[in-house]
Trainee: 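Mind looking over this structure? Questions follow.
Quantities reported herein were computed from a predicted structural model and do not represent experimental measurements.
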Amino acid sequence: MPDPVMSVEMLPHITNKILAHYDANARLLPWRSPPGTPAPDPYRVWLSEIMLQQTTVAAVKAYFDYFTQRWPTVAALAAAEDADVMAAWAGLGYYARARNLLACARVVAQDFGGHFPSDEAGLRALPGIGPYTAAAIAAIAFGRAAPVMDGNVERVIARLYAIATPLPAAKPQLYQHVAALTPQHRPGDFAQAMMDLGATICTPRAPLCGLCPIADACQGRLAAESFPVKAPKLAKPHRQGRAWWIEADGAVFLIRRPEKGLLGGMRALPSCDWQGAEGAPPLEGAWHRLGDVDHVFTHFRLTLGVDGLRLRDRPQMALLGEWWPIDRLAEAGLPTLFNKAAKAAQKGMRMT
DNA sequence: CAGCCGTGGAA
DNA sequence: TTTCCAAGGCT
């Protein structure tokens, strides 16, 4: 005799409870249309989903507003300068997303007449769109019954069925449950309902089970915080590095980092590689120690020492780079690490 | 598959 | 201060 809570007959009941809760409690977000209303512009759905990858709603809002105002259509974005898009993305992190965003926009504009593919497979083939994002766009923008599984959904399902298998090995099992719950009608609302549920009630810590519309069906409720089970994480190594602030005639020397790798494609101060040996500064001269900045990346922590050099006038530098007016440095689109370094450098230079 | 890839807010 | 981690994708 199967557990009645697990019976197939319960699945529509759970789905309907989740949708009804969404109808009454949906978060109003700039890229979202209210429950039951026509789907939003696929361009806005796509842009928001890319920005939201591993990024909080609060952090995305201002970037989404700026991008949609400056580039209202996928064709407009496709026609943008690379440097403008990278600078506009500065501070949001995971900069490969910005490079893939442009590549994707150009494929859609040039090869698909400005129309996004409407099914998972077609979306999945575009740069920057993986399994989650393809399903989310198909469901939210095109009404396809694609099972959508992000971190929120993984947590909700792992608790609902008390899945003991650790992530990421449990993903196929979790996905099967999501697929079984995803309705043919309103799949987009269902996906967003599940993510809202995970973000506002079925939270990683201190979940609000008393407010949950499916608490009665939840097999993990008594130990909700123990799900999903995850493999333990490794400690982050601490690296040291050095960056060089070269100032001349009210401008600072900036480079552009290689397209691939850490902070790829972004403007930056010249620096060593932060691996081991410090390396030589790009110029000989009377360098000053200006200060240290600390920064945490995904897989290591960095203490970056900043050295400064003030020159009478701009030298003929053999290195590739550009001189950027210091009073307009905010427009350079430096990633956060180098914004910290620039701030420390300017403070240090004032005291030399 | 596992490592790489940012950032800032919350507890 | 430390830890966790948020609408993942790429290699």
Trainee: Looking at every heavy atom in both Leu269(A) and Ala342(A), which two are closest together, and how far apart are they?
Mentor: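 Where Leu269(A) meets Ala342(A) most closely, the heavy atoms are CD1-N, 4.5 Å.
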Trainee: List the atom of Gln346(A), the atom of Leu329(A), and the distance in Å for their closest heavy-atom pair.
Mentor: NE2-CD2, 4.0 Å
Trainee: For DNA chain C, note the earliest and the latest nucleotide, 5' to 3', having some atom under 4.0 Å of a heavy atom belonging to chain A.
Mentor: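 The contact span of chain A on DNA chain C goes from dC5(C) to dT11(C).
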Trainee: Inspect the contact between Arg144(A) and Asp119(A) and indicate whether a charged nitrogen and a carboxylate oxygen are less than 4.0 angstrom apart.
Mentor: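 Salt bridge between Asp119(A) and Arg144(A), a charged N being under 4.0 Å from a carboxylate O: no.
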Trainee: Residues in side-chain contact (heavy atoms from CB on, under 4.5 Å) with Pro12(A), at least two apart?
Mentor: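 None.
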Trainee: Taking the C1' atom of each, how far is dC1(B) from dG8(C), in whole Å?
Mentor: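 The same atom, C1', in both gives a distance of 16 Å.
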Trainee: Under the side-chain contact (heavy atoms from CB on, under 4.5 Å) rule, collect the residues that match up with His13(A), sequence neighbours excluded.
Mentor: Met10(A), Lys17(A), Asp216(A)
Trainee: Would you please say whether a donor-acceptor pair under 3.5 Å links the side chains of Arg27(A) and Thr200(A)?
Mentor: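 The criterion, which ignores hydrogens and geometry beyond distance, is not satisfied for Thr200(A) and Arg27(A).
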Trainee: Check each residue of residues 180-207 of chain A for a non-hydrogen atom within less than 4.0 Å of any atom in DNA chain C, then write out the ones that pass by number, or none.
Mentor: Met195(A), Ala199(A), Pro204(A)
Trainee: If you compare all heavy atoms of Asp65(A) against all heavy atoms of Pro30(A), which two are closest, and at what distance to 0.1 Å?
Mentor: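 Answer, listing the atom of Asp65(A) first, then Pro30(A): OD1-CB, 4.0 Å.
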Trainee: Nearest 0.5 Å, what's the CG-CG distance between Asn100(A) and Leu126(A)?
Mentor: 10.5 Å
Trainee: Determine the interatomic distance between P on dT11(C) and the same-named atom on dG6(B); round to the nearest Å.
Mentor: 14 Å
Trainee: Give one of base, sugar-phosphate or nothing for Lys340(A), where a contact means two heavy atoms less than 4.0 Å apart.
Mentor: nothing
Trainee: Is the closest basic N to carboxylate O distance between Arg186(A) and Asp189(A) below 4.0 Å?
Mentor: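 Looking at Asp189(A) together with Arg186(A), the answer is yes, because their closest N to O distance falls below 4.0 Å.
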Trainee: Could you verify whether a donor N or O on one side chain and an acceptor N or O on the other, from Tyr132(A) and Glu49(A), lie under 3.5 Å apart?
Mentor: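 Yes, Glu49(A) and Tyr132(A) have a side-chain donor paired with an acceptor closer than 3.5 Å.
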Trainee: Closest-nucleotide mapping onto DNA chain B: is Leu234(A) or Phe297(A) further toward the 5' terminus? I mean the 5' end.
Mentor: Leu234(A)
Trainee: Looking at residues 44-72 of chain A, who's got a heavy atom less than 4.0 Å off DNA chain B?
Mentor: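 Contacting residues: Gln54(A), Thr55(A).
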Trainee: Under the rule for side-chain contact (heavy atoms from CB on, under 4.5 Å), what residues qualify as partners of Ala162(A), not counting sequence neighbours?
Mentor: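 So Ala162(A) forms a side-chain contact (heavy atoms from CB on, under 4.5 Å) with Gln219(A), Phe227(A).
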Trainee: Which residues, if any, of residues 85-99 of chain A bring a heavy atom under 4.0 Å of DNA chain B?
Mentor: Gly91(A), Leu92(A), Gly93(A), Tyr94(A), Tyr95(A)
Trainee: Between the side chains of Asp292(A) and Thr303(A), does any donor sit under 3.5 Å from an acceptor?
Mentor: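 Their side chains do not contain a donor-acceptor pair, so the 3.5 Å distance test is not met.
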Trainee: Contact class for Leu29(A) vs. all strands (heavy atom < 4.0 Å): base, sugar-phosphate, or nothing?
Mentor: base
Trainee: Identify whether any heavy atom of Thr298(A) sits under 4.0 Å from a base atom; if not, whether one sits that close to sugar-phosphate; answer base, sugar-phosphate or nothing.
Mentor: base
Trainee: Does the side chain of Lys340(A) pick up a donor-acceptor pair with the side chain of His295(A) at under 3.5 Å?
Mentor: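 Result is yes, a qualifying pair exists.
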Trainee: Any side-chain hydrogen bond (donor to acceptor under 3.5 Å, both in side chains) involving residues 221-230 of chain A? Give me the pairs, sequence neighbours left out, ordered by first then second residue.
Mentor: none
Trainee: Can a salt bridge be assigned to the pair Asp82(A) and Arg106(A) using a cut-off of 4.0 Å between side-chain N and carboxylate O?
Mentor: yes
Trainee: Check the side chains of Arg32(A) and Ser48(A) for a donor-acceptor pair under 3.5 angstrom, ignoring hydrogens and angles.
Mentor: no
Trainee: Give every residue pair that meets the ring-ring contact (aromatic ring centres under 6.0 Å, His included) criterion with at least one member in residues 51-78 of chain A, sequence neighbours excluded.
Mentor: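 Every ring-ring contact (aromatic ring centres under 6.0 Å, His included) pair that includes a residue of residues 51-78 of chain A, provided the two are not neighbours, is Trp31(A)-Phe64(A), Phe67(A)-Trp71(A), Phe67(A)-Trp89(A).
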Trainee: Within the structure shown, what part of the strands sits under 4.0 Å from Pro168(A) by heavy-atom distance: base, sugar-phosphate, or nothing?
Mentor: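 It contacts nothing in the nucleic acid.
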Trainee: Under the side-chain contact (heavy atoms from CB on, under 4.5 Å) test, which residues partner His288(A), sequence neighbours left out?
Mentor: Leu290(A), Thr352(A)
Trainee: If you round to the nearest 0.5 Å, how far is CH2 of Trp324(A) from CZ of Arg328(A)?
Mentor: 6.0 Å
Trainee: Tell me what Arg301(A) touches on the nucleic acid: a base, only sugar-phosphate, or nothing, going by heavy atoms under 4.0 Å.
Mentor: nothing
Trainee: Looking at residues 125-155 of chain A, who's got a heavy atom less than 4.0 Å off DNA chain B?
Mentor: none
Trainee: Using the heavy-atom set of chain A and a strict 4.0 Å cut-off, write down the first and last nucleotide of DNA chain B that makes it in, 5' to 3'.
Mentor: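 Terminal contacting nucleotides, 5' to 3': dC4(B) to dG8(B).
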Trainee: Please state the P separation for the pair dA11(B) and dA7(C) - nearest whole angstrom.
Mentor: 15 Å
